[in-house]
**Q** 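What follows is a structure written as structure tokens; I'll ask about it next.
Everything numeric here is computed off the predicted structure, so don't read it as measured data. The figures here come from the full heavy-atom set of this structure, side chains too, leaving out hydrogens, waters and symmetry mates. Order of the sequence lines fixes the chain letters, A, B, ..., with proteins taken first and strands second; residue numbering starts at 1 for each chain.
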Amino acid sequence: MEQLYLICRHREVPNLHQYETYIQKEQGYQALQQVLKLSRDEVIDIVKASGLRGRGGAGFPTGLKWSFMPKNVQGPVYLVINCAEGEPGTFGNHEIIENNPHQLIEGIIIGCYAIGATAAYIYHRGEFKYGAEMMQRAVDEAYKQGWLGKKVGGREDVSLDIYLHPEASAYICGEETAQLNSIEGYLGQPRLKPPFPAQSGLWKRPTTVNNVETLAHVPAIIRNGPAWFRQWGTEKSPGTRVYCVSGHVMRPGNYELPMNVTARELIFEHAGGIWKGRGLKGFIPGGVSAPILTNDHLDLPLDYDSLAGAGSMGGSGGVIVMDDQTDMAWLAKKMVDFYSHESCGKCSPCREGTWWQKNLLDRMMTGLARSGDVEMLEMVSEQMAGTCFCPLGESSQMVVLGAMKYFRSDFERYGQGKAYDGVIPMSAIEHH
Amino acid sequence: MLLEQRREKVEEILSHYPQKRAALMPMLYEAQEVYGYLTEEAIREVAAILELDPTEVYSVSEFYSLYYHKPTGKYIIRFCTDMPCALVGAEHAYQQLLNLLGLKNGETSADGLFTVEHCVCLAACATAPVLQVNRQFFENMTEAKMRELLETLRTSGLPEDGPVMKFQPRTADTPTGF
Ligand SMILES: Cc1cc2nc3c(=O)[nH]c(=O)nc-3n(C[C@H](O)[C@H](O)[C@H](O)COP(=O)(O)O)c2cc1C
Ligand code: SF4
Ligand code: FES
């Protein structure tokens, strides 16, 4: 199947970051004009009927999420746009905000109308300096053209402000409730749910958090209708998604494809197959938090349900590919490095568990493993399972146990002074 | 100092939020630019503007990686060695950069020009090895390109910023770092 640019419109339309181009070539802001003639419920119904699901990680149906927002509330209501994009292996939002910011802004305004939001915060990664500039420019232009501020699109009763809020590099702030704490100026640690953000979010007000790519899908869905969107993908995961392919492939990059594309087609046709003429050992289908899959799973379609059925997840759409010479103990070590660095410290299973995981894997990498270390790593990981406060800690145990499930011998090789035979991760050396 | 130099910006930031405390993150970035790094005085000034206790401001700023509490070089180089990048040799490439600079991870050069550190995923894994200089991206790094970049920074400063994600197919001579 061919790439299909519903989100990556800039691949077909040059200079799409400019307002004029967006208006002239892309029917820019026409969806918003249509929406302003509909009721909130009618907009939500269109998005529900399209089957659009959140691209941020959980794949939650977007229309349904919007319908949880209370009606007829007095006072402020918020939309938070999750542009934290910290999941290793994921870089789709990064491309969208730099090249196609207006489509995102139009989607945000429509989303705000649907949920009755009076202000929106784009919570963007601190590292996205240029991307933030492009979004700010698009926001400024939208104000100038009357799509933002008081009387949005000429409607007396609709007003909306969009603000950019820079984060400062903490992966946990991608989790929606941690993000709310972070915006409020507190430590970016997750909140207990319930209450869910729709009941009590930013400053205890009704709030929805949506991903960049999710919202960028909305204008075309409004313009073309739900059936149009449903012609691609699967019944339960319609439309396209931006798959980010990295690792040992010949052509790493973003590939926007219908969600019934198989892992085999994505990796071997679009991304050009494995480098150096090697074979495939494993791949991670949805960012590092998605458990690893193997050659046996190549014919799975990359939709949310098929991947969940195989014990992994669609997650963030980051597909990371490992060739047949990859040492999976090394891989586990690199991921645990990430989780232990990014653990927010709120709960002990994650804070202490990731420290122990790291310690044990560092010993293996540097040739200091003792007998029983593999079992201890397994035990520590199992003790984290189901006990962490949020999915970050759970990911760290799933990643390790997942790698051990398929590639246990890679871990058992260590001991008797054997160290990793490639470039030993710097963090392992610093640790000892 | 922040208020003297950037009063307008400070007021604009405050106007984005219903509560002052929420201005903390953007304010810390402003303070960092004005003071060079988050000195004790910078923390105190931010705390005063936001009507917070300085210890609270300090503890939030410590939570994130992009706020600095010690003097840094003019150029802060952050190099991604996270797993997806490391698969294609980022750890090796980072070592090359450290050698070019004659520095160890986390150090600042004696001339005050460079601070260098490794970091987690920068959301540009397909163009690994990748680094940022003062939050501007440089992708598909090789030893030669890093040498050239350092030279440019020394002589003419940061080039103009622009869109990234310049995906490149690998070829037989793509450096792999192994
Ligand atoms: C540890 C962690 C990190 C996350 N990081 C991100 C992220 O960077 N971007 C994102 O959109 N969602 C991220 N999420 C998912 C969000 O919590 C949330 O589900 C999502 O933003 C909702 O938007 P959607 O419904 O449009 O997908 C993360 C979740 C967890 C648990
Ligand atoms: S699991 Fe980890 S990241 Fe999540 S709350 Fe606990 S310590 Fe924080
Ligand atoms: S892992 Fe290096 S940019 Fe993502």
Side-chain angles (χ1 to χ4, degrees), chain A residues 76 85-91 93-95 98-99 125-130 133-134 161 163 165-171 182-188 203 244-254 272 275-276 288 318 320 322 326 331 334-335 337-338 341-342 344 422-423 425-426 430, chain B residues 16-26 28-29 50 52 56-57 59-61 63-67 78 81-89 91-92 94-95 105 118-128 132 134-137 161-165 167-171 174 176-178:
Chain A
E85 193 152 74
E87 180 80 27
T90 315
F91 37 90
N93 293 357
H94 194 176
E95 180 171 344
E98 290 190 344
N99 298 285
R125 250 197 107 156
E127 281 92 341
F128 291 169
K129 186 165 139 287
Y130 182 77
E133 269 170 49
M134 299 310 279
D161 288 300
Y163 306 111
H165 186 97
E167 67 92 65
S169 204
Y171 167 66
S182 175
I183 296 177
E184 290 182 14
Y186 293 91
L187 292 185
W203 301 292
C244 320
V245 188
S246 62
H248 297 152
V249 290
M250 288 304 285
R251 286 195 296 273
N254 281 327
W275 73 351
K276 302 181 183 177
V288 291
I320 309 161
M322 277 74 68
T326 310
L331 192 92
K334 288 300 296 179
M335 312 232 270
D337 259 2
F338 172 76
H341 184 259
E342 297 299 323
C344 82
V423 181
M426 184 180 282
E430 280 170 355
Chain B
H16 295 178
Y17 308 97
Q19 291 180 6
K20 280 188 172 172
R21 181 172 189 135
L24 182 49
M25 295 189 70
L28 286 171
Y29 275 114
L50 302 181
L52 293 170
E56 272 191 284
V57 173
S59 86
V60 171
S61 71
F63 189 80
Y64 299 96
S65 300
L66 291 176
Y67 300 130
R78 301 179 78 233
T81 55
D82 213 340
M83 186 274 280
C85 281
L87 278 175
V88 295
E91 299 246 15
H92 179 78
Y94 182 50
Q95 199 56 57
N105 179 47
H118 62 74
C119 66
V120 297
C121 181
L122 293 168
C125 335
T127 51
Q132 287 206 307
N134 298 355
R135 297 194 282 144
Q136 179 171 334
F137 278 94
D161 208 350
V164 287
M165 314 254 94
F167 304 126
Q168 281 179 8
R170 301 193 206 284
T171 60
T174 303
T176 62
F178 287 114

**Q** Looking at OH of Tyr64(B) and OG of Ser182(A), how far apart are the two atoms once the value is rounded to the nearest 0.5 Å?
**A**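 Those atoms lie 3.0 Å apart.
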
**Q** With respect to chain A, which residue among Thr127(B), Leu28(B), Val164(B) yields the maximal number of heavy-atom pairs within a distance under 4.5 Å?
**A**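 Of Thr127(B), Leu28(B), Val164(B), Val164(B) has the most heavy-atom pairs under 4.5 Å with chain A.
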
**Q** Would you call Met25(B) and His165(A) a side-chain contact if the rule is heavy atoms closer than 4.5 Å?
**A**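 Answer yes - side chains close enough.
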
**Q** Walk me through it: do Lys334(A) and Glu91(B) pass the test side-chain contact (heavy atoms from CB on, under 4.5 Å)?
**A** CA-CA 11 Å; Lys334(A) 288 300 296 179; Glu91(B) 299 246 15; 2.4 Å; yes

**Q** How long is the gap from CD on Glu98(A) to CZ on Phe137(B), to the nearest 0.5 Å?
**A** 7.5 Å

**Q** Hey, which of Val120(B), Leu122(B), Asp82(B) is the one that makes side-chain contact (heavy atoms from CB on, under 4.5 Å) with Pro88(A)?
**A**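 Among Val120(B), Leu122(B), Asp82(B), the one that satisfies the side-chain contact (heavy atoms from CB on, under 4.5 Å) with Pro88(A) is Asp82(B).
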
**Q** Looking at Thr326(A), Val249(A), Val288(A), Asp161(A), which one has more heavy-atom pairs under 4.5 Å with chain B than the rest?
**A**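 If we count pairs closer than 4.5 Å to chain B, Val249(A) comes out on top.
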
**Q** Quick one: what part of Glu342(A) sits under 4.5 Å from any heavy atom of chain B, side chain, backbone, both or neither?
**A** side chain

**Q** Checking heavy atoms, do the side chain of Gln168(B), its backbone, both or neither come under 4.5 Å from chain A?
**A** backbone

**Q** Where on Ile320(A) is there a heavy atom nearer than 4.5 Å to chain B: the side chain, the backbone, both, or neither?
**A** side chain

**Q** Give, for atom CG of Leu66(B) and atom CZ of Arg125(A), the distance between the pair rounded to the nearest 0.5 Å.
**A**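 If we round to the nearest 0.5 Å, Leu66(B):CG and Arg125(A):CZ are 8.0 Å apart.
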
**Q** Out of Arg135(B), Gln136(B), Arg78(B), which residue meets the side-chain hydrogen bond (donor to acceptor under 3.5 Å, both in side chains) rule with Glu127(A)?
**A** Arg78(B)

**Q** Can you tell which of Lys129(A), Arg251(A), His94(A) has the highest number of heavy-atom pairs within less than 4.5 Å of chain B?
**A** His94(A)

**Q** Tell me, out of Glu87(A), Met134(A), Glu95(A), who's got the most heavy-atom pairs with chain B below 4.5 Å.
**A** Glu95(A)

**Q** Measuring from Asp337(A):CG to Met83(B):CE, what's the distance to the nearest 0.5 Å?
**A** 11.5 Å

**Q** What's the spacing between Met426(A) CE and Asn105(B) CG if we round to 0.5 Å?
**A** 5.5 Å

**Q** Would you name the heavy atoms of Tyr29(B) and Pro166(A) that are closest together and state the gap between them?
**A**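 It is CE1-CB, 3.7 Å.
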
**Q** Against chain B, work out which of Glu85(A), His341(A), Glu167(A) has the most heavy-atom pairs shorter than 4.5 Å and name it.
**A** Glu167(A)

**Q** Counting heavy-atom pairs under 4.5 Å to chain B, which of Gly86(A), Pro425(A), Gly318(A) comes out on top?
**A** Pro425(A)

**Q** I need the residue from Gly162(B), Cys119(B), Ala23(B) with the largest number of non-hydrogen atom pairs under 4.5 Å to chain A.
**A** Gly162(B)

**Q** I'd like to verify something: which residue of Ser169(A), Ser246(A), Gly253(A) has the highest number of heavy-atom pairs under 4.5 Å with chain B?
**A** Ser169(A)

**Q** Please classify the contact between Tyr186(A) and chain B as side chain, backbone, both or neither, with a heavy-atom cut-off of under 4.5 Å.
**A**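 The answer is both parts of Tyr186(A).
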
**Q** Which atom names give the shortest non-hydrogen contact between Trp203(A) and Pro18(B), and what distance separates them?
**A** CH2-CD, 3.5 Å

**Q** Evaluate Gln19(B) against Glu184(A) for side-chain contact (heavy atoms from CB on, under 4.5 Å), listing each step before the verdict.
**A** CA-CA 8 Å; Gln19(B) 291 180 6; Glu184(A) 290 182 14; 5.8 Å; no

**Q** Is chain A contacted by the side chain of Leu24(B), its backbone, both, or neither, given a heavy-atom distance below 4.5 Å?
**A**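 It is the side chain, since no backbone atom gets that close.
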
**Q** Relative to chain A, which segment of Val57(B) carries a heavy atom at a distance below 4.5 Å: side chain, backbone, both, or neither?
**A**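 Val57(B) has no heavy atom closer than 4.5 Å to chain A.
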
**Q** Report which part of Asn134(B) has an atom under 4.5 Å of a heavy atom belonging to chain A: side chain, backbone, both, or neither.
**A** backbone

**Q** For the residue pair Leu87(B) and His248(A), what are the closest heavy atoms and their distance?
**A**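 Looking at all heavy atoms of both residues, the shortest contact is O-NE2, 2.8 Å.
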
**Q** By side chain to side chain contact (heavy atoms under 4.5 Å, CB included), which residues pair with Cys244(A), not counting sequence neighbours?
**A**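 Result, side chain to side chain contact (heavy atoms under 4.5 Å, CB included) vs Cys244(A): Thr90(A), Phe91(A), Asn254(A).
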
**Q** Applying side-chain hydrogen bond (donor to acceptor under 3.5 Å, both in side chains), name anything that partners Asn99(A), two or more places apart in sequence or on another chain.
**A**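 Testing Asn99(A) for side-chain hydrogen bond (donor to acceptor under 3.5 Å, both in side chains), a comparison that skips the adjacent residues, returns none.
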
**Q** From Tyr163(A) OH over to Tyr17(B) OH, what is the distance, rounded to the nearest 0.5 angstrom?
**A** 9.5 Å

